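This one's a predicted model, so the numbers in the text were calculated from it and none came from an experiment.
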Amino acid sequence: MGLLTIIRKNKAKSKEMRFLFLGLDNAGKTTILKKLNEEDIQDVSPTLGFNIKTLIRDGYTLNIWDVGGQKTLRPYWRNYFESTDAVVWVVDSCDRMRIRDCGEELRGLLKEERLAGATLLIFANKQDLVGSLSLEEIRDGLDLHSIKSHQWSIRPCSAHTGMGLEEGMQWVVKQVAGRLYWSGLNSHRSIIEIPTTTEIITT
């Protein structure tokens, strides 16, 4: 019995996934998680360490680690990489000045060996605000086309209205389930999804 078979069987029993929410400070990571968990988002303070949330989606238990994005905290991100099934990278669509920095941090992150194979969801947050960058501008600013090591998708969203959050989570759960579980949601079939004006997907 191969190692991958053993891993899949063990995970199939627990039906658990480990997600890591990362991004620069003020991107809206904690607000997104609170919105997904139907919590009050009126008073959200900056994350100075980490938060842990557990969500149930499509029959799977998502153990989510939300880690602060301040520059002084980013070196500690590596402490949370172990056994990560998906990285949710949250971008402040209104932060034009730091979009290049955001891309550099993301590319550095994806070089980490312990994140090899993890599915990548990019949430382009604050799309409800005037002056926000388009998905195409964010895609180019982050140089997403250069990412060949991870399956990724970029989705527009708003942490305040909830727009796009569930759709993004459905996509990432589906991809992780298909990779890790015998009875995954996409059953390991090759699926080509057609991009629309509101989402950019690469498979």
Value rounded to 0.5 Å, distance of [atom1] in [X] from [atom2] in [Y]:
X: Leu36; Y: Lys34; atom1: CG; atom2: NZ; result: 12.0 Å
X: Leu20; Y: Lys29; atom1: CG; atom2: NZ; result: 10.5 Å
X: Lys53; Y: Thr30; atom1: NZ; atom2: OG1; result: 8.5 Å
X: Glu38; Y: Leu55; atom1: CD; atom2: CG; result: 10.0 Å
X: Tyr60; Y: Leu180; atom1: OH; atom2: CG; result: 9.0 Å
X: Ile64; Y: Leu62; atom1: CD1; atom2: CG; result: 5.0 Å

Inset, instruction - Go through the side-chain N and O atoms of Arg179 and Thr119 and say whether any donor and acceptor fall under 3.5 Å apart. - result: yes
Inset, instruction - Among Asn125, Ile154, Ile99, Leu24, find the one that has a side-chain contact (heavy atoms from CB on, under 4.5 Å) with Val91. - result: Ile99
Side-chain touch [X]/[Y], heavy atoms, less than 4.5 angstrom:
X: Leu121; Y: Trp152; value: no
X: Val67; Y: Leu73; value: no
X: Phe19; Y: Val173; value: yes

Using atom types as modelled and distance alone, determine if a side-chain donor or acceptor of [X] lies under 3.5 Å from a backbone N or O of [Y].
X: Lys148; Y: His145; result: yes
X: Asp85; Y: Arg18; result: yes
X: Glu137; Y: Ser134; result: yes
X: Asp40; Y: Gln42; result: yes

Legend entry - ILVMFWY cluster, Met169 and Ile56 together (side-chain gap under 4.5 Å): no
Show me the side-chain donor-acceptor pairs of residues 157-166 shorter than 3.5 Å, one per line, residues at least two apart or across chains.
from	atom 1	to	atom 2	distance (Å)
Ser158	OG	Asp128	OD1	3.1
Ser158	OG	Asp128	OD2	3.2
Ser158	OG	His160	N	3.4
Ser158	OG	Thr161	N	3.1
Ser158	OG	Thr161	OG1	3.1
Thr161	OG1	Met163	N	3.2
Glu166	OE1	Arg57	NE	3.1
Glu166	OE2	Arg57	NH2	2.9

Inset, instruction - Of all the heavy-atom pairs spanning His150 and Ile147, show the shortest one and how long it is. - result: O-CG2, 3.8 Å
Name the atoms and distances for all side-chain donor-acceptor pairs under 3.5 Å in residues 102-113, with sequence neighbours left out.
from	atom 1	to	atom 2	distance (Å)
Glu105	OE2	Arg74	NH1	3.1
Arg107	NH1	Gly103	O	3.4
Arg107	NH1	Leu142	O	3.0

Inset, instruction - Would you check if the distance from the ring center of Tyr76 to the ring center of Phe50 is below 6.0 Å? - result: no
Inset, instruction - Under the side chain to side chain contact (heavy atoms under 4.5 Å, CB included) rule, what do Thr31 and Leu33 come out as? Steps first, then yes or no, please. - result: CA-CA 5 Å; Thr31 307; Leu33 276 176; over 6 Å; no
Legend entry - Derivation and outcome, side chain to side chain contact (heavy atoms under 4.5 Å, CB included), residues Asn63 and Glu16: CA-CA 7 Å; Asn63 298 310; Glu16 292 185 355; 3.4 Å; yes
Legend entry - Pairwise side chain to side chain donor-acceptor pair (under 3.5 Å) hits with a residue in residues 87-102, at least two apart: Asp25-Arg98, Asp92-Lys126, Ser93-Gln127, Asp95-Arg98
